[in-house]
Amino acid sequence: MTAEAQGTTELLLSRIRDVPDYPKPGVLFKDITPLLADPEAFTALTDTLAGLCVAHGATKVVGLEARGFILAAPVAVRASLGFIPVRKAGKLPGATLRQAYELEYGSAEIEVHAEDLAAGDRVMVIDDVLATGGTAEASIELIRRAGAEVAGVAVLMELGFLPGRARIEPALAGAPLTALITV
């Protein structure tokens, strides 16, 4: 890791607040709102993620509901790319592609507008946290079903004690997965 990358990592880490026992006892929640409130840290995060989009040849950026929107939209602007929201089922008007996926206790569905992705698009998926990997894996499947390629997945933070990476690596089929911070 370069000195600049190390400095960025340290800056980002210093702006993530630990909140014990939230949302329930025994959970240590990683709150990114102090990072978002700090223009220096938020700019460093945006620039780093935009650099990954450029390096991997992305033509569009997908943000995963909901905090992924907060990160992916400014990244798309910074990298001069289109932004596409991937939403929970039933939140987008018009024709959509829908993908179901399994959660720890049940299932969920996400959607994207059918016309927003096409053959020839190289899509970078951006989210705040990689935990169990279900939503990221489903978004990768949606992108491919739309005929586009996955340029990669980039997250601010990976919860290394959960199986997210192992779950989505087969779906990535060689596309990179980058976590700026692993806890």
Side-chain angles (χ1 to χ4, degrees), residues 32 45-183:
I32 68 167
L45 173 60
T46 301
D47 288 348
T48 300
L49 293 173
L52 289 171
C53 290
V54 171
H56 298 307
T59 60
K60 293 191 178 168
V61 176
V62 155
L64 304 182
E65 189 165 339
R67 289 181 302 255
F69 295 173
I70 297 167
L71 304 184
V75 166
V77 169
R78 183 63 55 113
S80 298
L81 303 173
F83 167 73
I84 298 157
V86 169
R87 307 250 4 229
K88 294 175 184 168
K91 300 287 186 178
L92 292 171
T96 61
L97 293 174
R98 184 177 288 195
Q99 183 68 44
Y101 62 100
E102 295 302 314
L103 301 167
E104 188 175 356
Y105 301 104
S107 62
E109 293 180 319
I110 56 173
E111 292 180 326
V112 66
H113 275 131
E115 71 274 6
D116 287 348
L117 295 171
D121 286 332
R122 286 187 46 81
V123 183
M124 180 66 79
V125 177
I126 294 182
D127 205 3
D128 63 329
V129 175
L130 175 62
T132 62
T135 309
E137 180 184 42
S139 72
I140 291 166
E141 292 182 31
L142 264 181
I143 290 163
R144 290 207 175 106
R145 284 182 47 219
E149 287 181 61
V150 176
V153 173
V155 297
L156 165 60
M157 188 174 7
E158 178 179 354
L159 304 181
F161 56 89
L162 293 175
R165 182 173 290 267
R167 180 174 182 172
I168 71 168
E169 279 184 334
L172 285 166
L177 166 58
T178 304
L180 303 183
I181 298 167
T182 300
V183 296

Give, for atom [atom1] of [X] and atom [atom2] of [Y], the distance between the pair rounded to the nearest 0.5 Å.
X    : Y    : atom1 : atom2 : value
L130 : D128 : CG    : CG    : 10.0 Å
T59  : L81  : OG1   : CG    : 7.0 Å
E111 : K88  : CD    : NZ    : 12.5 Å
R98  : R145 : CZ    : CZ    : 10.5 Å
L117 : I84  : CG    : CD1   : 4.0 Å
L64  : R87  : CG    : CZ    : 12.0 Å

Kindly give the heavy-atom pair with the smallest separation between [X] and [Y], and that separation in Å.
X    : Y    : result
T96  : L92  : CG2-CB, 3.9 Å
A76  : F83  : CB-CB, 3.8 Å
I140 : A171 : CG2-O, 3.6 Å
T135 : Y101 : OG1-OH, 3.0 Å
M124 : C53  : CG-SG, 3.7 Å
G133 : I168 : O-CG2, 3.3 Å

* Applying side chain to side chain donor-acceptor pair (under 3.5 Å), name anything that partners R167, two or more places apart in sequence or on another chain. =>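 If we apply the side chain to side chain donor-acceptor pair (under 3.5 Å) test to R167, skipping adjacent residues, the hits are E137.
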Mark yes or no for whether [X], through its side chain, and [Y], through its backbone, hold a donor-acceptor pair below 3.5 Å.
X    : Y    : answer
R122 : G57  : yes
R78  : T48  : no
H56  : V123 : no
E65  : P85  : no

* Run the numbers on I110 and Q99 for side-chain contact (heavy atoms from CB on, under 4.5 Å), then give the verdict. => CA-CA 5 Å; I110 56 173; Q99 183 68 44; 4.3 Å; yes
* Residue from T182, L49, I126, D127 passing side chain to side chain contact (heavy atoms under 4.5 Å, CB included) with V155 ->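 Checked T182, L49, I126, D127 against V155; only one passes side chain to side chain contact (heavy atoms under 4.5 Å, CB included): D127.
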* Under a 4.5 Å cut-off applied to non-hydrogen side-chain atoms, are L45 and L180 in contact? ->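 Yes. Closest side-chain heavy atoms under 4.5 Å.
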* Taking the side chain as every heavy atom from C-beta outward, state whether V62 and L142 have any pair of such atoms under 4.5 Å apart. =>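 No; the side chains remain at least 4.5 Å from each other.
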